[in-house]
K.L.:
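Below are the structure tokens for one structure; questions will follow.
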Amino acid sequence: MDDDPRAGEAAAVRLARGEAVGSVLDADDPAAWLALDAGARRGTWWRAGAVRAEWERVALLPGDPAGLDASRYALALCHRDGRLREAAVRGVADRPSLLPLLVVRAADWVAPVRQAARQVLRERVDGDAVGGDGLETAVALAPVILLVGRRERGDFAVALLNEVLSDPSRAWPAALLAHDDRAVRRHVHRLAVETGRLSPAELARTAAGDADTVVQSLCADAALAAVPEGRPCEEVVGPLLGARSPRARSAGVTALRRTGEPERAVAFLADRSAVVRACARYVVRQAGDDPVAWYRERCARAGDPLLPPGAVIGLAECGERADAGTLWALLGHPSAAVRARAVAGLRLLDVVDVRRLQPLLDDPAPGVVRETVLAVEPSAQLLSEEWLGERLDAGRPRHVRVGALRLSFRRGGSARARAQRVAREDPDPEVRARGAREAAR
């Protein structure tokens with residue numbers, strides 16, 4: 001369930017009927033608790049006499065109103081009447097499954113409710129006060145704390161969470177830094193950097209292994225800030241250079257200048273990522289070498305089966321139009337990736353020749369055809385309608401037909417009319433779908 005009040009209202013109705021909280025709400029979804037809070041006050045169903053009578057017992061009984069089951073108690077915590085919410089807050093500490101609603105009430109718009117909830121919440125995250133593990137409670141509530149923290153008056157719970165997590169006497173659970181909730185993972189890594197809880201090597205490994213780009217950048221920047229000037233630091237740079245993430249690899253490549261190892265950046269001039277290649281060129285130039293010369297020397301070996309595709313596009317990224325001859329020679333390379341990068345490089349250098357690229361629209365590799373379509377699309381009028389029409393035949397490979405569809409729509413005239421028919425009638429559903437998208441453009 002998301003934070004739609006209508007979904008929350010439906011959940012509240014089910015709780016009022018006596019259904020268990022666990023079967024109505026996804027307790028691990030913080031938005032579900034906020035939706036329930038909003039939805040419980042949305043309709044008029046809550047006025048029902050029997051339900052209201054039970055809720056009013058909450059206000060009349062001091063301490064824990066044990067007579068209410070968890071479902072009705074959750075509704076009491078969300079009631080329109082602030083007196084009932086305040087009374088319900090007093091006994092929620094003994095119902096751990098409903099603690100997310102205590103976080104919501106800690107940001108309540110009614111001051112007495114808010115103050116009571118904050119007192120109970122602080123007691124719950126103080127392990128000594130309740131004889132339990134306050135850190136464990138804080139971590140379990142972290143997703144809803146951070147979501148409520150975006151609201152007005154939601155800063156108390158966030159500050160409390162930070163206070164608990166920043167306590168150096170408390171060891172973090174091993175799973176905290178790998179929390180499933182992205183907001184929590186970002187938050188705890190930010191705290192880890194600010195408090196120095198992770199070593200530079202640990203930060204580098206996190207930057208290399210975490211899938212979230214914010215965590216990658218945060219940890220990579222913090223790790224590199226600790227790298228000594230002019231001295232190799234393999235425990236930090238090594239994991240970054242070997243990372244799958246381009247963001248982490250680029251940070252590691254940039255650090256090679258700081259550690260006095262610019263020669264290692266040469267190996268990344270042909271990286272598969274444009275940002276990594278750009279960082280490698282920067283480091284190589286700062287060391288007094290010329291990356292363009294390196295690219296030209298590598299790409300001049302048109303028959304080299306081991307030519308890395310990154311070197312081909314790298315030449316176009318920093319070369320000149322005079323380098324187009326080298327790229328033209330690579331259009332017949334046995335590697336489809338090299339052919340595709342050569343076409344992309346010609347487009348980047350603005351030296352596209354439709355007649356010379358036209359044969360590649362029949363290339364057996366889909367990636368080559370895609371790049372060729374992008375290259376010749378602005379000049380689609382130079383392709384004959386008959387030639388394009390032949391490539392729309394059902395006997396052609398799917399990627400060839402999809403490319404011909406796109407170019408036919410750009411070509412206009414009878415080519416466009418035929419492409420529209422294919423988009424409606426082609427036996428291949430993928431071709432029809434692609435044709436429909438092209439027609440909509």
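Every heavy atom of this structure was used, including side-chain atoms; hydrogens, water molecules and symmetry mates were not. In what follows, residues are counted from 1 in the order of the sequence shown.
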K.L.:
State whether the side chain of Gln216 and the backbone N or O of Asp210 hold a donor-acceptor pair below 3.5 Å, judged by distance alone.
P.N.:
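It does hold such a pair.
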
K.L.:
So do Pro173 and Leu176 actually touch side chain to side chain, heavy atoms under 4.5 Å?
P.N.:
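Yes. Closest side-chain heavy atoms under 4.5 Å.
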
K.L.:
Check whether any side-chain heavy atom of Val104 lies under 4.5 Å from a side-chain heavy atom of Asp108, and answer yes or no.
P.N.:
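With C-beta onward as the side chain, the pair stays apart.
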
K.L.:
Could you tell me whether a side-chain N or O of Arg272 sits under 3.5 Å from a main-chain N or O of Gly310, the two making a donor and an acceptor?
P.N.:
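Checking the backbone N and O of Gly310 against the side chain of Arg272, no donor-acceptor pair under 3.5 Å is found.
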
K.L.:
For Ala243, is there any backbone N or O sitting under 3.5 Å from a side-chain donor or acceptor partner on Arg249?
P.N.:
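Yes; at least one donor-acceptor contact below 3.5 Å.
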
K.L.:
I'd like to check the side-chain hydrogen bond (donor to acceptor under 3.5 Å, both in side chains) partners of Arg190; sequence neighbours left out, ordered by chain and number.
P.N.:
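For Arg190 there are no side-chain hydrogen bond (donor to acceptor under 3.5 Å, both in side chains) partners, ignoring immediate neighbours.
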
K.L.:
Got Glu194 and Leu191 here, is their nearest side-chain heavy-atom distance under 4.5 Å?
P.N.:
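SC-SC contact between Glu194 and Leu191 confirmed.
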
K.L.:
Less than 4.5 Å apart, any side-chain heavy atom of Val144 and any of Leu101?
P.N.:
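Not touching, per the 4.5 Å side-chain cut-off.
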
K.L.:
Taking C-beta and beyond as the side chain, do Arg434 and Arg437 meet within less than 4.5 Å on heavy atoms?
P.N.:
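They are in contact (side-chain heavy atoms under 4.5 Å apart), so the answer is yes.
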
K.L.:
Donor-acceptor check, side chain of Arg391 to backbone of Ala404, threshold 3.5 angstrom: yes or no?
P.N.:
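Not confirmed, Arg391 side chain does not pair with Ala404 backbone.
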
K.L.:
Is Arg85 positioned over the aromatic face of Trp109, cation under 6.0 angstrom from the ring centre and no more than 45 degrees off axis?
P.N.:
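Judged by the rule (NZ or CZ under 6.0 Å from the ring centre, within 45° of its axis), Arg85 counts as positioned above Trp109.
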
K.L.:
What are the two closest non-hydrogen atoms of Ala183 and Leu146, and how far apart are they?
P.N.:
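Scanning both residues completely, I find the closest heavy atoms to be O-CD1, 3.6 Å.
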
K.L.:
Return the set of residues passing side-chain hydrogen bond (donor to acceptor under 3.5 Å, both in side chains) with Arg197 (not counting sequence neighbours), or none when no residue passes.
P.N.:
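Scan of Arg197 (side-chain hydrogen bond (donor to acceptor under 3.5 Å, both in side chains), adjacent residues dropped) gives none.
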
K.L.:
Backbone N or O of Leu77 within a donor-acceptor pair of the Arg105 side chain at under 3.5 Å?
P.N.:
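At least one qualifying donor-acceptor pair exists.
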
K.L.:
I'd like a table of donor-acceptor pairs (distance under 3.5 Å, sequence neighbours excluded) in which one partner is a side-chain atom from residues 251-258, with atom names and distances.
P.N.:
{"residue": "Thr254", "atom": "OG1", "partner": "Ser250", "partner atom": "O", "Å": "2.8"}
{"residue": "Arg257", "atom": "NH1", "partner": "Tyr282", "partner atom": "OH", "Å": "3.3"}
{"residue": "Arg258", "atom": "NE", "partner": "Val227", "partner atom": "O", "Å": "2.6"}
{"residue": "Arg258", "atom": "NH2", "partner": "Val227", "partner atom": "O", "Å": "3.0"}

K.L.:
Nearest 0.5 Å please: distance from the CG atom of Leu165 over to the CG atom of Leu135.
P.N.:
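Going from CG on Leu165 over to CG on Leu135, the span is 6.0 Å.
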
K.L.:
Does a side-chain heavy-atom distance below 4.5 Å link Thr206 with His189?
P.N.:
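Yes, close enough: below the 4.5 Å cut-off.
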
K.L.:
Ala222: what forms a side chain to side chain contact (heavy atoms under 4.5 Å, CB included) with it, not counting sequence neighbours?
P.N.:
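With neighbours one apart ignored, the set is Val193, Leu203.
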
K.L.:
Name each donor-acceptor pair under 3.5 Å that joins a side chain in residues 322-344 to protein atoms two or more places apart or in another chain, with its distance.
P.N.:
{"residue": "Asp323", "atom": "OD1", "partner": "Arg296", "partner atom": "NE", "Å": "2.9"}
{"residue": "Asp323", "atom": "OD2", "partner": "Arg296", "partner atom": "NH2", "Å": "3.2"}
{"residue": "Asp323", "atom": "OD2", "partner": "Glu320", "partner atom": "N", "Å": "2.7"}
{"residue": "His333", "atom": "ND1", "partner": "Ser335", "partner atom": "N", "Å": "2.9"}
{"residue": "His333", "atom": "NE2", "partner": "Asp304", "partner atom": "O", "Å": "2.7"}
{"residue": "Ser335", "atom": "OG", "partner": "Ala337", "partner atom": "N", "Å": "3.4"}
{"residue": "Ser335", "atom": "OG", "partner": "Val338", "partner atom": "N", "Å": "3.3"}
{"residue": "Arg339", "atom": "NE", "partner": "Asp363", "partner atom": "OD2", "Å": "3.0"}
{"residue": "Arg339", "atom": "NH1", "partner": "His333", "partner atom": "O", "Å": "2.9"}
{"residue": "Arg339", "atom": "NH1", "partner": "Pro334", "partner atom": "O", "Å": "3.3"}
{"residue": "Arg339", "atom": "NH2", "partner": "Asp363", "partner atom": "OD1", "Å": "2.9"}
{"residue": "Arg339", "atom": "NH2", "partner": "Asp363", "partner atom": "OD2", "Å": "3.4"}

K.L.:
Under the side chain to side chain donor-acceptor pair (under 3.5 Å) rule, what pairs show up with a residue in residues 143-158, not counting sequence neighbours?
P.N.:
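Qualifying pairs, neighbours excluded: none.
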
K.L.:
So, using salt bridge (charged side-chain N to carboxylate O under 4.0 Å, His left out) as the criterion, who are the partners of Asp212 when residues are at least two apart?
P.N.:
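Listed in chain order: Arg186.
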
K.L.:
If I compare all heavy atoms of Ala74 with all of Val21, which pair ends up nearest, and what's the gap?
P.N.:
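So the minimum-distance heavy-atom pair works out to CB-CG2, 4.5 Å.
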
K.L.:
I need the minimum non-hydrogen distance between Arg356 and Pro359, along with the two atoms involved.
P.N.:
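Looking at all heavy atoms of both residues, the shortest contact is O-CD, 3.4 Å.
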
K.L.:
If the condition is salt bridge (charged side-chain N to carboxylate O under 4.0 Å, His left out), which residues does Glu19 pass it with, not counting sequence neighbours?
P.N.:
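So Glu19 forms a salt bridge (charged side-chain N to carboxylate O under 4.0 Å, His left out) with Arg14.
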
K.L.:
Asp428 versus Arg401: any side-chain heavy-atom pair under 4.5 Å?
P.N.:
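Yes, close enough: below the 4.5 Å cut-off.
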
K.L.:
Less than 6.0 angstrom from the centroid, inside 45 degrees of the normal: does Arg277 satisfy that with respect to the ring of Phe268?
P.N.:
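No, Arg277 does not sit over the ring of Phe268.
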
K.L.:
Are any side-chain N or O atoms of Arg432 and backbone N or O atoms of Asp426, one a donor and one an acceptor, separated by less than 3.5 Å?
P.N.:
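Answer holds: yes.
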
K.L.:
Would you say Tyr295's side chain and Cys318's backbone share a donor-acceptor pair under 3.5 angstrom?
P.N.:
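Not at all, since once roles are kept as given, no pair shorter than 3.5 Å links the two residues.
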
K.L.:
Of all the heavy-atom pairs spanning Ala287 and Pro262, show the shortest one and how long it is.
P.N.:
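Ala287 and Pro262 have their closest heavy atoms at CB-CB, 3.6 Å.
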
K.L.:
Ignoring hydrogens and geometry, is there a side-chain-to-backbone donor-acceptor pair from Trp294 to Leu269 under 3.5 Å?
P.N.:
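No; judged by distance alone, with no hydrogens or angles, the pair does not exist.
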
K.L.:
Holding to side chain to side chain contact (heavy atoms under 4.5 Å, CB included), I want the full list of residues that pass it with Ser217, two or more places apart in sequence or in another chain.
P.N.:
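Per chain and number, Ser217 pairs via side chain to side chain contact (heavy atoms under 4.5 Å, CB included) with Arg247.
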
K.L.:
Would you mind writing out the side-chain donor-acceptor pairs for residues 229-242 within the sub-3.5 Å range, not counting sequence neighbours?
P.N.:
{"residue": "Glu234", "atom": "OE1", "partner": "Arg264", "partner atom": "NH1", "Å": "3.0"}

K.L.:
Under 4.5 Å between any side-chain heavy atoms of Leu383 and Gln358, yes or no?
P.N.:
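Yes; the side chains approach each other to less than 4.5 Å.
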
K.L.:
For side chain to side chain contact (heavy atoms under 4.5 Å, CB included), just list the numbers for Glu377 and Leu407, CA-CA rounded to whole Å, side-chain angles, deciding distance to a tenth of an Å, and then say yes or no.
P.N.:
CA-CA 6 Å; Glu377 186 176 9; Leu407 294 172; 4.2 Å; yes

K.L.:
Show the numbers, then the answer: is there a side chain to side chain contact (heavy atoms under 4.5 Å, CB included) between Val158 and His187?
P.N.:
CA-CA 10 Å; Val158 177; His187 190 81; 4.2 Å; yes

K.L.:
Listed by chain and number, what are the salt bridge (charged side-chain N to carboxylate O under 4.0 Å, His left out) partners of Arg347, not counting sequence neighbours?
P.N.:
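Partners of Arg347 under the salt bridge (charged side-chain N to carboxylate O under 4.0 Å, His left out) test: Glu371.
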
K.L.:
Looking only at non-hydrogen atoms, find the nearest pair between Pro143 and Asp181 and report the distance.
P.N.:
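Between these two residues, the closest heavy atoms are CB-OD2, 3.7 Å.
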
K.L.:
Using the rule given for side chain to side chain contact (heavy atoms under 4.5 Å, CB included), can you reason through Glu9 versus Leu36, listing the C-alpha separation, both sets of side-chain angles and the distance that settles it, and then say yes or no?
P.N.:
CA-CA 6 Å; Glu9 183 180 3; Leu36 174 64; over 6 Å; no

K.L.:
Starting from the C-alpha separation in whole Å, work towards a yes-or-no answer on side chain to side chain contact (heavy atoms under 4.5 Å, CB included) for Leu360 and Val369.
P.N.:
CA-CA 6 Å; Leu360 290 177; Val369 173; over 6 Å; no

K.L.:
List the residues meeting salt bridge (charged side-chain N to carboxylate O under 4.0 Å, His left out) with Arg301, not counting sequence neighbours, and say none if there are none.
P.N.:
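Partners of Arg301 under the salt bridge (charged side-chain N to carboxylate O under 4.0 Å, His left out) test: Glu297.
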
K.L.:
So which heavy atom on Ala12 is nearest to which on Ala40, and how close?
P.N.:
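Minimum heavy-atom contact is CB-CA, 3.9 Å.
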
